[in-house]
Amino acid sequence: MSKTNLIENKKKILIIDFGSQVTKLIARRIRELHVYCEIINIKKFNNLKNFKNIKGIILSGGPSTVTNEGFPKISKKIFSLNIPILGICYGLQLIAKLFGGKIKSNIKKREFGKAILIKKSNSILTNNFYINNKSDVWMSHQDGVVKIPKYFKVIASTKSVKFTSIEHKTKKIYGIQFHPEVTHTSRGKEILKNFAIKICKLKKNWKVPSEKNRIIKNLRLKLKDGKVICALSGGVDSSVVALLIHKAIKKNLICLMVDTGLLRKGEFKESYRIFKKKYKLNVKVINAKKLFYKRLKNISDPEKKRKIIGKSFIEVFDKEAKKIKNIRYLAQGTLYPDVIESTSATGSNTSKIKSHHNVGGLPKKMKLKLVEPLRDFFKDEVRKLGKSIGLTKKILNKHPFPGPGLAIRIIGKISENKIKILQEADDIFIKALIERNIYDNIWQAYAALLPVKTVGVMGDTRTFDYICLIRAVTSEDGMTAANYNFSNEFLNDISNKIINRVYGINRVVYDITSKPPSTIELE
Ligand code: XMP
């Protein structure tokens with residue numbers, strides 16, 4: 001579980017990250033095949049000594065060019081280890097270069113977006129990939145292989161680029177210019193499946209729930225009788241972390257729940273009830289509403305709000321934690337994407353480590369060792385893990401909720417009254433989604449309060465009240481999002497309910513923008 005070490009006793013595909021935007025997607029697709037894989041940066045890979053359980057290597061794409069001096073590379077020795085290798089985009093160009101081929105930065109023949117791949121010869125890699133010897137693929141390259149290295153053959157081309165897919169004549173080394181990991185390559189999964197199962201001979205036996213025992217055992221070994229403290233927010237990640245650690249060390253886990261007063265209506269009480277009564281966790285509640293409201297008074301800048309909330313959270317947590325004796329560890333819900341994002345492609349560690357929403361900064365301040373049992377998992381895998389340890393559906397299927405909470409859903413200045421108004425409207429909206437059975441089809445939905453008042457008329461009386469904005473999006477990972485298409489009938493119903501039941505709102509608008517160009521949250 002340590003940051004630098006691969007899990008050594010697990011057979012895997014190793015993905016070497018050359019800095020592509022979509023490296024994580026390669027890992028997702030391989031894991032979807034129930035094959036275990038890990039991502040490693042080139043620096044760490046080049047220092048690797050033990051290749052025992054590495055059954056396949058994928059070289060990712062990346063922004064570098066092998067036509068420049070000092071391009072990122074792997075040692076040629078790797079090719080004689082008898083481990084199957086698949087190079088994607090930059091990975092293909094690197095293989096070609098290292099074997100003596102020629103690569104050109106050819107502006108005229110660059111390909112971005114959809115292309116048609118045409119079969120040139122049979123290959124296990126492209127089994128079941130073509131329809132009538134053709135397949136839609138997604139390209140994103142400026143450089144291209146212009147001379148194929150000795151001992152390689154072409155297995156597929158596009159109209160404009162001949163050496164789009166190549167294979168070594170005797171070794172299991174493959175290179176493809178297109179990206180099989182993105183959904184725009186319609187049958188891309190077949191390529192990864194052929195590589196993992198047929199070429200690397202890996203079995204489809206990796207399943208998230210079966211990881212639970214390994215995690216709990218490792219936690220026991222690592223923590224021994226050390227006390228662990230954990231900030232429990234009631235979101236999926238921190239809940240799964242707390243339950244896993246609780247299963248490993250029971251009462252030595254102390255959970256702190258800080259009530260910032262910025263959660264959805266009734267959410268804090270409900271989470272407390274679940275953790276205390278249902279799961280019998282050692283939970284301590286801190287009511288810090290007043291402090292948060294006081295510090296946020298008159299603050300309208302989104303970044304200032306975030307900073308105040310983060311800093312106040314750390315302060316409150318730190319103060320309470322100090323009252324508990326002999327704590328050695330701090331548990332955090334860091335996920336695999338955070339780990340990958342936290343080092344640069346070359347391993348130079350230049351990009352800042354992404355702090356997990358509002359507990360970032362705590363470990364340094366508290367001089368505690370970190371425990372991060374979810375750092376090998378993607379978000380949807382965490383949900384599967386949660387399900388396997390009996391986490392209630394209520395938490396398991398909960399939409400993501402931002403660390404700064406309702407503070408970034410009340411645009412501009414915050415007041416206790418505005419929070420109450422928003423909590424009511426949001427509650428009506430979310431309950432309606434649940435009642436209509438559409439909550440689980442949506443990635444994230446919420447109500448927000450806009451800082452403008454408009455004129456309305458209710459029962460012959462003029463009103464001058466706030467605008468409530470409702471937003472609902474579908475998404476795979478929160479990086480991009482599309483607005484959810486409600487029926488007019490549903491929108492009318494929601495608008496009526498909110499205006500009839502919530503004093504302070506006289507207009508409801510529905511946000512129809514996607515991300516990009518908008519973001520999911522408004523601030
Ligand atoms: P955006 O608004 O950037 O949001 O499209 C993408 C996802 O991140 C969540 N989000 C946050 N989560 N602290 C968090 O813990 C934050 O400051 C924060 N801002 C946005 C957002 O809810 C969505 O799921």
Side-chain angles (χ1 to χ4, degrees), residues 21 24 230-241 257-258 260-264 267-268 271 292 295-296 299-314 317 331-342 352-362 372 374-375 378-380 382-383 395-412 414 422 426 429-430 433 439-450 469-484 511-523:
Q21 299 287 317
K24 271 180 273 172
C230 157
L232 190 57
S233 70
V236 185
D237 305 344
S238 68
S239 305
V240 177
V241 166
M257 287 185 74
V258 180
T260 58
L262 300 168
L263 293 186
R264 295 193 138 116
E267 185 120 330
F268 189 84
S271 303
F292 279 86
R295 291 194 177 167
L296 286 167
I299 306 292
S300 53
D301 179 75
E303 280 314 299
K304 273 193 189 144
K305 284 182 187 174
R306 274 198 170 78
K307 288 212 175 92
I308 290 171
I309 294 166
K311 207 168 152 266
S312 306
F313 190 94
I314 289 175
F317 190 92
Q332 282 197 339
T334 316
L335 302 189
Y336 199 39
D338 307 331
V339 178
I340 307 164
E341 279 163 19
S342 67
K352 192 172 159 260
I353 291 184
K354 196 172 150 189
S355 42
H356 189 67
H357 62 87
N358 38 20
V359 285
L362 268 173
E372 298 172 307
L374 305 182
R375 56 180 298 132
F378 288 100
K379 183 91 181 177
D380 59 324
V382 170
R383 287 208 166 97
I395 294 183
L396 218 48
N397 298 339
K398 218 188 249 184
H399 290 169
F401 188 74
L406 300 184
I408 56 165
R409 291 178 180 173
I410 293 170
I411 311 310
I414 295 162
L422 178 58
D426 182 75
F429 182 37
I430 299 297
L433 299 177
Y439 182 86
D440 291 339
N441 303 338
I442 294 169
W443 161 269
Q444 209 166 355
Y446 65 83
L449 207 61
L450 303 186
L469 173 143
I470 55 172
R471 179 132 170 90
V473 294
T474 54
S475 173
E476 210 176 309
D477 50 15
M479 305 287 280
T480 59
N483 80 299
Y484 186 81
D511 185 345
I512 54 163
T513 39
S514 60
K515 172 185 177 175
S518 293
T519 51
I520 295 177
E521 303 291 343
L522 302 187
E523 282 199 333

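Being a predicted model, the structure only gives us computed values, none of them experimental. Only heavy atoms go into these numbers, but all of them, side chains included; no hydrogens, no water, no symmetry mates. One-based numbering, in listed order, for ligands and for the atoms of each.
- For K379, the salt bridge (charged side-chain N to carboxylate O under 4.0 Å, His left out) partners two or more places apart in sequence, or in a different chain, are D237.
- Side-chain contact between L422 and R409 is present, with at least one heavy-atom pair separated by less than 4.5 Å.
- Residue K515 approaches ligand 1 through these ligand atoms, each under 4.0 Å from one of its heavy atoms: 1 (P), 3 (O), 5 (O), 6 (C).
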Exercise. Begin from the C-alpha positions of R375 and T334 and carry the test side-chain hydrogen bond (donor to acceptor under 3.5 Å, both in side chains) through to its verdict.
Key: CA-CA 5 Å; R375 56 180 298 132; T334 316; 5.5 Å; no
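- Residue contact check: T519 has heavy atoms under 4.0 Å from atoms 1 (P), 2 (O), 5 (O) of ligand 1.
- Nearest-residue assignment for atom 14 (C) of ligand 1 (options G403, G310, P400; heavy-atom criterion): G403.
- Looking at F313 and F292, their side chains come closer than 4.5 Å, going by heavy atoms from C-beta outward.
- The shortest N or O to N or O distance between Q444 and ligand 1 is below 3.5 Å.
- Per-residue contacts place R306 under 4.0 angstrom from the following atoms of ligand 1 (heavy atoms of the residue considered): 16 (C), 17 (O), 18 (C), 19 (N), 20 (C).
- Under the salt bridge (charged side-chain N to carboxylate O under 4.0 Å, His left out) criterion, R383 pairs with no residue at all, not counting sequence neighbours.
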